[in-house]
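To start, the structure under review is shown below, and the notes come after it.
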There are 4 protein chains.
Amino acid sequence: MRKRRQPVISPRKAPRQARSATLVEDVLEAAVRVLAREGARRFTTVRVADEAGVSVGSLYQYFPNKEALLFRLQADEWNETLGIFEEILADRKQPPLARLRRAVVTFFRSEREEAELRVALDDAGALFRDAAPARAIVERAMGIVGAFMAEALPAQSLARRTEAADFVLTSMSAIAEKVTARRLTRREVDAWASSCADLLCHYVEALALR
Amino acid sequence: MRKRRQPVISPRKAPRQARSATLVEDVLEAAVRVLAREGARRFTTVRVADEAGVSVGSLYQYFPNKEALLFRLQADEWNETLGIFEEILADRKQPPLARLRRAVVTFFRSEREEAELRVALDDAGALFRDAAPARAIVERAMGIVGAFMAEALPAQSLARRTEAADFVLTSMSAIAEKVTARRLTRREVDAWASSCADLLCHYVEALALR
Amino acid sequence: MRKRRQPVISPRKAPRQARSATLVEDVLEAAVRVLAREGARRFTTVRVADEAGVSVGSLYQYFPNKEALLFRLQADEWNETLGIFEEILADRKQPPLARLRRAVVTFFRSEREEAELRVALDDAGALFRDAAPARAIVERAMGIVGAFMAEALPAQSLARRTEAADFVLTSMSAIAEKVTARRLTRREVDAWASSCADLLCHYVEALALR
Amino acid sequence: MRKRRQPVISPRKAPRQARSATLVEDVLEAAVRVLAREGARRFTTVRVADEAGVSVGSLYQYFPNKEALLFRLQADEWNETLGIFEEILADRKQPPLARLRRAVVTFFRSEREEAELRVALDDAGALFRDAAPARAIVERAMGIVGAFMAEALPAQSLARRTEAADFVLTSMSAIAEKVTARRLTRREVDAWASSCADLLCHYVEALALR
DNA sequence: AATGAATGAGGATTCATTCAT
DNA sequence: GATGAATGAATCCTCATTCAT
């Protein structure tokens, strides 16, 4: 694959004033609507700006390019999901595996709700797979699950726990993505989540016994 | 999402003559090369035709549009993988779970080898998620795994076995896709495959006891 | 100065068929008209294509980019001028200095006629200052004047003759460019040419005596 | 050539206060840096203002448009060079032709040092070839060389001396521009300057004998 | 007087597809 | 059947300038 210029993805400037913050919000919301209504192929910066009632120039004042806009959408979605995820996994009032189960189910549900956007984003993107900010999110996720593993698998080495965190995170998100793209009902998604949780709990248990 | 004209995906005509068959082969091989060399963004029909030493017009004689060409690439890859998969799962000389394990490992390896193409294909398209021919492949896959389940879970209802087949297939392919996109070494991919196989075997065993 | 990608300047494909050759001619003529009528700033590929009664796409079939089109204009002009220049300088029926004088005058006149285009090109350009094809033209010019020097200064070393050729060529073209940009009358330009010829003849004579 | 709105080139207002004078200086220096660092194509008013640590609005307070800013850069450079030039030509302690020779050499050296800026300026503009302030500079130059000619060619008519001044000035600057654009070493430029001075001295001598 | 956010026309270039030869 | 020139809408992005604050 020929070297492709990795698009700049970080925001061009942080909006300082209230007006700008609103503008950025407007653009992001408009972007979601355009993506949903027109699909990834017709997702253009001009259309987004129009939808936001803003000039293209203004859009480019805050997003250096189209990729950055898409990435921001993606990142916001991920971060929100991660927030929920973290909250559940860190709740020491429940036994670890119960938390894991709940977290998995919640994750699937959340993914289901965002499926529309996520699929559109997938179509549009994959443009930032390796971008630094993308890695930052992965790291945040690993941090969250890693902390959980430290608690659930205290006897294991850090390396092994990291491996476990990666496995759980990767499997769960891979399956959730694929399944929620099918637009199933909440009940159906819950069933998948439950099966998936079974497996992952079993995985952690098995590791604990090693 | 606005109704988008679902692109025609089936070949415009089946190549009857040897010359045509060769042409189609040439085009497909050229397409793989262009995808690898230029990336999804620069994958154009003219470039593919050039690379194949064929005129664009001829390309359009056998592929109604660009999507059809991409789909064909994808389908060929899937079918090949499925062929291997079937062979292993159907081999009655081995106990079912051993076969499942071997199949999973082989699947991961095969996905790893095709990762380059698959990722490029993903970038280029996802244009045919719901196309009829895509479903045909899914059905073929379900048939293969369903047959295996009939043997491994003879006591379960067809519905439950179908569900199991879907679960195994979906989980395995979701995880394999995500993991092999990381361009790991064969050894690393084998480790993932092994963990994944553990879980899926456990899943089938658990089902058998219900 | 930050590294700027040097634009590709060589023609994208050689026009094979009569139709294409006509198209290229049409485009070049249209380009001259657009440059003259609208000025360098409004010289756009779309406008040129329109003026030529051709689609932009067609223009890009034969010129990889705007620079290449401009360069072609420039090169054609230079080559034509050089042709005349060569003819005069190589005409052994006249004594060398008489030829040089005639060549200089003819060069100034030719430059005067092309001034409109050249000035517009200058404004537009500098886009191709260092491109390889530009150097080819310089080499052709050096060849022509070098041959003349071999005859006029047979006693001098090659290095010195090359130096002399460079000096004559550079001085003459620098002065001619600057002067003809002033849109003087033919008579006025002739006066300049004559003064310039005086100097250059003196220069060659002085060199011959060294 | 279609009538193009000749850009306003004179400063919008003369900076009265120290603060303004500083601002104008800052902007000019920033402009030089931007031109050098980013090239003519990326020379924008916003970028210059940023580099100067000033708002675009402020920039437009003192320069009515981009052209005026570029022109000011050009004019400053010219005036500086002219100052040196004048100093040498007016120095009655030396014989005229010796002064002319020294002036030419100094001019070439000065042009060599400014070549970077001059080329960038050419690329960016040449937008003000006929602007009134540009003529003022030409007139200043003509005044300087004219005074020299009055001394060197006292027997000639004013018209002839003016012609001579124009010839010397035009030839020298044309050749110097072209040669220094080649980024030669100081020694090489000196050689060109010397040859050029030879010719121009010869020109003046020949005129004196008429 | 200073700011800098907002504008939006304008430009270069690409590419899926057609259709005259 | 094969060819490949021609099409032109569509895309991303820039930037001189203004004007509300």
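Within every chain, numbering begins at 1; the chains are lettered A, B, ... in the order of the sequence lines, protein sequences first and strands thereafter.
No option in B:Leu70, B:Val48, B:Thr45, B:Leu28 other than B:Leu28 meets the side-chain contact (heavy atoms from CB on, under 4.5 Å) test with B:Phe63.
Residue B:Ser58 is classed as a base contact, given a heavy-atom separation below 4.0 Å to a base. Base engagement by B:Thr45 is indicated by at least one non-hydrogen atom pair under 4.0 Å involving a base atom.
Comparing B:Gly57 and A:Gly57 by the nucleotide of DNA chain E that holds the closest heavy atom to each, the one mapping nearer the 5' end is A:Gly57. Residue B:Gly53 is the one, among A:Arg47 and B:Gly53, whose nearest nucleotide of DNA chain F lies closer to the 5' end (criterion: closest heavy atom). Residue whose closest nucleotide on DNA chain E sits further toward the 5' end, between B:Val46 and C:Val56: C:Val56.
In plain terms, the two heavy atoms of D:Ser58 and D:Leu23 that are nearest each other are CB-CD1, 4.0 Å.
Contact check on A:Arg41 versus B:Glu67 returns a salt bridge, with a Lys/Arg side-chain nitrogen under 4.0 Å from an Asp/Glu carboxylate oxygen. For A:Arg33 and A:Glu38, the salt-bridge test fails: no basic side-chain N is under 4.0 Å from an acidic carboxylate O.
Across all strands shown, F:dT18 forms a Watson-Crick or G-U wobble pair, both distances under 3.5 Å, with E:dA5. Base pairing analysis places F:dT11 opposite E:dA12; the two distances defining the Watson-Crick or G-U wobble pair are each below 3.5 Å.
Close to F:dA2, at under 4.0 Å from its OP1 or OP2, lies no side-chain N or O of B:Tyr60.
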